[in-house]
Amino acid sequence: MQLTKLELKGFKSFADRVVINFDEGITGIVGPNGCGKSNVVDSIRWVLGEQKTRVLRSDKMESVIFNGTKNRKQTQMAEVSLTFNNTKNLLPTEYAQITITRRYYRSGDSEYMLNGVTCRLKDITNLFLDTGIASNSYAIIELKMVDDILNDKDNSRRLLFEEAAGISKFKIRKKETLRKLDDTDADLDRVEDLLFEIDKNLRSLERQANQAKKYYEVKEEYKNSSIALAKKAMTNQQETHDAIQKEIQEESDKRLALNTLVNEKESAIEKAKSDLINKEKLLSSRQKSLNEHVSKIRQYESDKKIKNERQNFLQDKIETLKEQIETDKQSNERTSISLEGLQRELVEAETEFQSTRQTIESLQDDYEKQKALTAEAQQKLDQLNQYFSEKREHNFQIMKEIEIKDIQLKSMMGELSKTSEDSSSQSANIEEFQKKLAEIERERKSRLAEFEKLKKSEEALLEKIKGQEEKITTAKDELSKINRNLDAKQNEFNLTKSLVDNLEGFPEAIKFLKKQAKFKNAPLLSDILSCPEDYRVAIENFLEPYMNYYVVDSYNDALAAVKILNDSSIGKANFFILDQLKSFSVTNSAFPGAKPATQLVEFDPKFKNLIQFLLSNVFIYEAELPSSDEDVVFLDKSGQLTKRQFSVSGGSVGLFEGKRIGRAKNLEKLEAEIKLLIKDQDTSEKSVTKLQMELGDLRISSKTEQI
C-alpha cells in the first residue's frame, strides 16, 4: 500500500486546488519557513479524521478553511483527498485504488467520502485499522513527535512499537469490548433495579387489591345496614312528625295572641319615638351653639400661646446678638496684630525676590549663548555625517559592479570554451534534431486533439455532476420535508389516539361504560360524524350538549347501560336510540348566503335520521346574517355567535374548541396519511441513494488524470 496523491482545495493556505503526487523516489517535502509544509501534514491528519483543533494548530475547526486576503475572498469549503494504491490488498476492499475525502463547510456541516461515496468516519477508521495509518499514528511524524519518541514522553516508544507490531488494533477492540461490557453491566444493574421496583409495586398492588375486595364487601354490608336503618328512622320520624304537628297547632294559637299584644306595644313605641325626635332636634340646636362658643374660646387660647412663644424667642435672640458683638470685638483686635506681622514679612519677601530675579536674568543670557554654539556644532556634525554616508554608498556600488563584471567575465569565458567544443558535434546532429522535431510536432498535434476531446468530455461530465448534485439536494430537501410532515402526523396521531383511548374531556360515566364489554364498541355522537376544519368549531359548539350522548340501536340497550351505571353508582349517561328515529323525517329549508349544516358534516348513512334530527334546522353563514321568522338556528362560521328565533348567544372561542368532534374519523384519516407519507419516505430515500450512486459513478469516470 502506497500513498500516491494528495489533493487540497480551500484548506488553510491552499486556496486553489493543489495536487501533490508522491511518485517513486519522493521521500519528503522541503521548503522555506512559512511555505506550507506543516499545512500539508495537517491536511493528511485532518482527512484521516483528526478532530482536535489543537493538533491542527487552530483554535476552532472553521480555521482550516481559507480565510481570504486583501485581494481575494474567503472560500466556503475546505476539501482534502488522499489516494492510496491497494495493489497488495492490504486494505479489506476489492478496489485497487482507494481515495478518501473530507469536506468541511463554514455552516459547520462535514462529510466523509470513500471513492466518491458518502460514508462515516468510523468506516474509514475500520478500513485503515491495523495498517499503521491514522490521524494519531506514527506514519505521520512531526518534529515535536521525534522529541517525544526520544524522551519517551507518555510511553511514546511503547506506542510506536505496538503500532509497528500490529497489536494496536487488538487494544482498540479490547477497549471497545470492555466499554460494551461495562454498559452491559450497567444495564443489568438497571434491570435488577427495575425488577426490585416491579416486585415492590406488585406487593403494593396486591395489598391494594385485597383492600379493594374488602372495600366492596364492607360497602355491601353498609348498603344493607343503611336500608334497614333508613326504614327504622322513617318510622320514628313519622311518629315525631305527628307530635310536632300538634305542637305547631298549639303554638299557632299562642302566636295570634302574641301578635295582638305586639301591635299594641308597637303603637305605643311609635308615639314615644315621635316625642323623642322632637326632643332630639331641640338638643341638637342647643349643642350646636355650645360648640361654636367652645371653638372661639380655644382659638383665643391658641393665639395667646403663640404670642407668648414669639416674645420668648425674640428675647433669646437679643441675648445671642449681644454675645456675638463681644466676640467680634475680640476677634478684630487679634486680626489687627496679625496684619502688622504679615506686612513685615511682605517687605522681606519683596527684597529677596528682586535679588533672585537678577540672578535668573544673568543665567538666562549665558544659556542663550551656549545654545547658539551647540546648534552651530550640531549643524557641522550633520553635514559631515551626510558626506560620509554618500561616500560609503558610492564605494559599495563600485565594489558591487566590480564583482558583477568578474562573474560575467568568467561566465562568458566558460561559454566560449564550451561553444568551441560543441560546435563540431552540433553541426553533425542538426539533421537528426530536425527529424526528431518533426516527429515531436506530429505527436504534439495528436496529443492536442486528444486533449481537446478529453476536455470537452470532462466539461460535459462536470455539468452532469453539477446537475446530479442539484438533484440530490432537491431530493434531500424533499425527504426532509416528508420526514417533518411524517413526524408531525405521527405526533398528531399519537395525541389523537391517546385522547380517543382515554376519552379525554368526557365524564367518568362515559369512560366507565366504554370499559364494559357490551358497550365497548358503542359509538358516541362525537365519533360518528366529522366535518371540514373551517366549520368544526361552529358545529361542535352547537352540538356541545349532545357530544357525550351514546348512540345505541334499541331502547333495551339504553336501559341496560342505565342499570349498569345505577348499580355501580358511577354517574349518568344520555343515549340516542336509532330505532325510534326511523320514522323521523324533515323538509329542508333554504336561505341565501347560508349553508345547511347537514351538508357540511360527514357520517355513515345509517345515522342519517339522527343527523337530520340534530341539524335539520341549523345553517352556517359566512358573510351577512340572513333574516328569518322561522324556528331556525344560524351559526357564525367562526363559532362566536349563535342566533335562534328569540335569542342570541356567543362570545370568545377557546383555543382547544373543535378538537372533540370526529376524533375517531380523524384518527383513521391520520393513519392513512401516515402510511402514504411512509411510502413517500421510502421512495425518496431510494431516490436519494440511487442519485448518490450515480454521482459516485460519474466522479469515478472523471478524465482529470488523463488531461
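Worth knowing before you read on, the calculation uses all heavy atoms, side chains too, and leaves out hydrogens, waters and symmetry mates. Count residues from 1 along the sequence.
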S.K.: For residues Lys37 and Gly31, report the shortest heavy-atom separation together with the two atoms involved.
M.R.: NZ-O, 3.0 Å
S.K.: Would you please say whether a donor-acceptor pair under 3.5 Å links the side chains of Gln681 and Asn483?
M.R.: yes
S.K.: What's the shortest heavy-atom distance between Leu3 and Thr83, and which atoms?
M.R.: CD1-O, 3.4 Å
S.K.: Between Asp42 and Arg57, is there a salt bridge with N-O shorter than 4.0 Å?
M.R.: yes
S.K.: Using 0.5 Å steps for rounding, measure from the CG atom of Leu121 to the CD atom of Glu50.
M.R.: 10.0 Å
S.K.: Under a 3.5 Å cutoff, is there a donor and acceptor pairing between the side chains of Ser63 and Ser58?
M.R.: no
S.K.: Under a plain distance cut-off of 3.5 Å, with no hydrogens placed, do Glu62 and Tyr104 share a side-chain donor-acceptor pair?
M.R.: no
S.K.: Roughly how far apart are Glu673 CD and Lys489 NZ, rounded to 0.5 Å?
M.R.: 4.0 Å
S.K.: Take Ile65 and Arg106 through the side chain to side chain contact (heavy atoms under 4.5 Å, CB included) test and state the conclusion after the steps.
M.R.: CA-CA 8 Å; Ile65 304 176; Arg106 287 197 180 274; 3.6 Å; yes
S.K.: Find out whether Thr69 and Gln74 are in side-chain contact, i.e. whether some heavy atom of one side chain is under 4.5 Å from a heavy atom of the other.
M.R.: no
S.K.: What is the minimum heavy-atom distance between Val688 and Lys476, and which atoms define it?
M.R.: CG2-N, 4.1 Å
S.K.: How long is the gap from CG on Leu448 to NZ on Lys453, to the nearest 0.5 Å?
M.R.: 14.0 Å
S.K.: About how many Å separate OH of Tyr112 and SG of Cys119, when rounded to the nearest 0.5 Å?
M.R.: 9.5 Å
S.K.: List the atom of Lys73, the atom of Phe66, and the distance in Å for their closest heavy-atom pair.
M.R.: O-CE2, 3.8 Å
S.K.: Would you check if Asp59 and Thr53 make a side-chain contact, meaning some heavy-atom pair closer than 4.5 Å?
M.R.: no
S.K.: Test side chain to side chain contact (heavy atoms under 4.5 Å, CB included) on Asn39 and Phe14 and set out the steps.
M.R.: CA-CA 9 Å; Asn39 288 344; Phe14 299 96; 3.8 Å; yes
S.K.: Kindly indicate whether the side chain of Glu694, heavy atoms from C-beta on, has any atom under 4.5 Å from the side chain of Leu691.
M.R.: yes
S.K.: Are Arg179 and Asp182 ion-paired here, with the side-chain N under 4.0 Å from a carboxylate O?
M.R.: no
S.K.: Does Glu458 pair with Lys455 as a salt bridge, N-O distance under 4.0 Å?
M.R.: no
S.K.: Would you compute the distance between atom OG1 of Thr75 and atom CZ of Phe11 and round it to the nearest 0.5 angstrom?
M.R.: 11.5 Å
S.K.: Show the numbers, then the answer: is there a salt bridge (charged side-chain N to carboxylate O under 4.0 Å, His left out) between Arg120 and Asp123?
M.R.: CA-CA 5 Å; Arg120 303 172 300 171; Asp123 299 330; 2.9 Å; yes
S.K.: What I want to find out is whether Arg447 reaches Glu443 closely enough, with some N-O distance under 4.0 Å, to be called a salt bridge.
M.R.: yes
S.K.: Determine yes or no for a side-chain-to-main-chain donor-acceptor pair under 3.5 angstrom, with Thr184 supplying the side chain and Lys180 the backbone.
M.R.: yes
S.K.: May I ask you to say whether Glu7 pairs ionically with Lys5, meaning some side-chain N is under 4.0 Å from a carboxylate O?
M.R.: yes
S.K.: Within a radius of less than 6.0 Å around NZ of Lys471, do more than 12 heavy atoms belonging to other residues, nucleotides or ligands occur?
M.R.: no
S.K.: Under a 4.5 Å cut-off applied to non-hydrogen side-chain atoms, are Thr474 and Glu478 in contact?
M.R.: no
S.K.: Of all heavy-atom pairs between Glu441 and Arg444, which one has the smallest distance, and what is that distance?
M.R.: OE2-NH2, 2.8 Å
S.K.: Would you confirm whether Ser457, through its side chain, and Leu454, through its main-chain N or O, come within 3.5 Å as a donor-acceptor pair?
M.R.: no
S.K.: Could you tell me whether the side chain of Leu56 reaches within less than 4.5 Å of the side chain of Trp46, counting heavy atoms only?
M.R.: yes
S.K.: Going by the side chain to side chain contact (heavy atoms under 4.5 Å, CB included) test, name the single residue among Val47, Ile100, Leu6, Thr99 that passes it with Ser81.
M.R.: Thr99
S.K.: Not counting sequence neighbours, list each pair that qualifies as a salt bridge (charged side-chain N to carboxylate O under 4.0 Å, His left out) and has a residue in residues 677-688.
M.R.: none
S.K.: Give me the atom names and distance for the closest heavy-atom approach of Leu479 to Ser684.
M.R.: CD1-CB, 3.7 Å
S.K.: Is there a side-chain contact between Val80 and Arg102, using heavy atoms and a 4.5 Å cut-off?
M.R.: no
S.K.: Report the C-alpha separation of Ile20 and Leu8 in whole Å, then their side-chain angles, then the decisive distance to 0.1 Å, and conclude whether the side chain to side chain contact (heavy atoms under 4.5 Å, CB included) test is met.
M.R.: CA-CA 8 Å; Ile20 302 174; Leu8 304 97; 4.1 Å; yes
S.K.: Measure the shortest side-chain to side-chain distance between Thr4 and Phe22 over non-hydrogen atoms and say whether it is less than 4.5 angstrom.
M.R.: no
S.K.: Could Lys9 and Glu79 be called an ion pair, given the rule that one side-chain N must be under 4.0 Å from one carboxylate O?
M.R.: no
S.K.: To the nearest 0.5 Å, tell me how far Thr177 OG1 sits from Lys175 NZ.
M.R.: 12.0 Å
S.K.: Any side-chain heavy atom of Val117 sitting closer than 4.5 Å to one from Met693?
M.R.: no
S.K.: Quick check on Glu452: does its CD atom have over 12 non-hydrogen neighbours (other residues, nucleotides or ligands) under 6.0 Å away?
M.R.: yes
S.K.: Passes side chain to side chain contact (heavy atoms under 4.5 Å, CB included), Tyr95 versus Asn86? Steps please.
M.R.: CA-CA 7 Å; Tyr95 294 105; Asn86 188 30; 5.9 Å; no
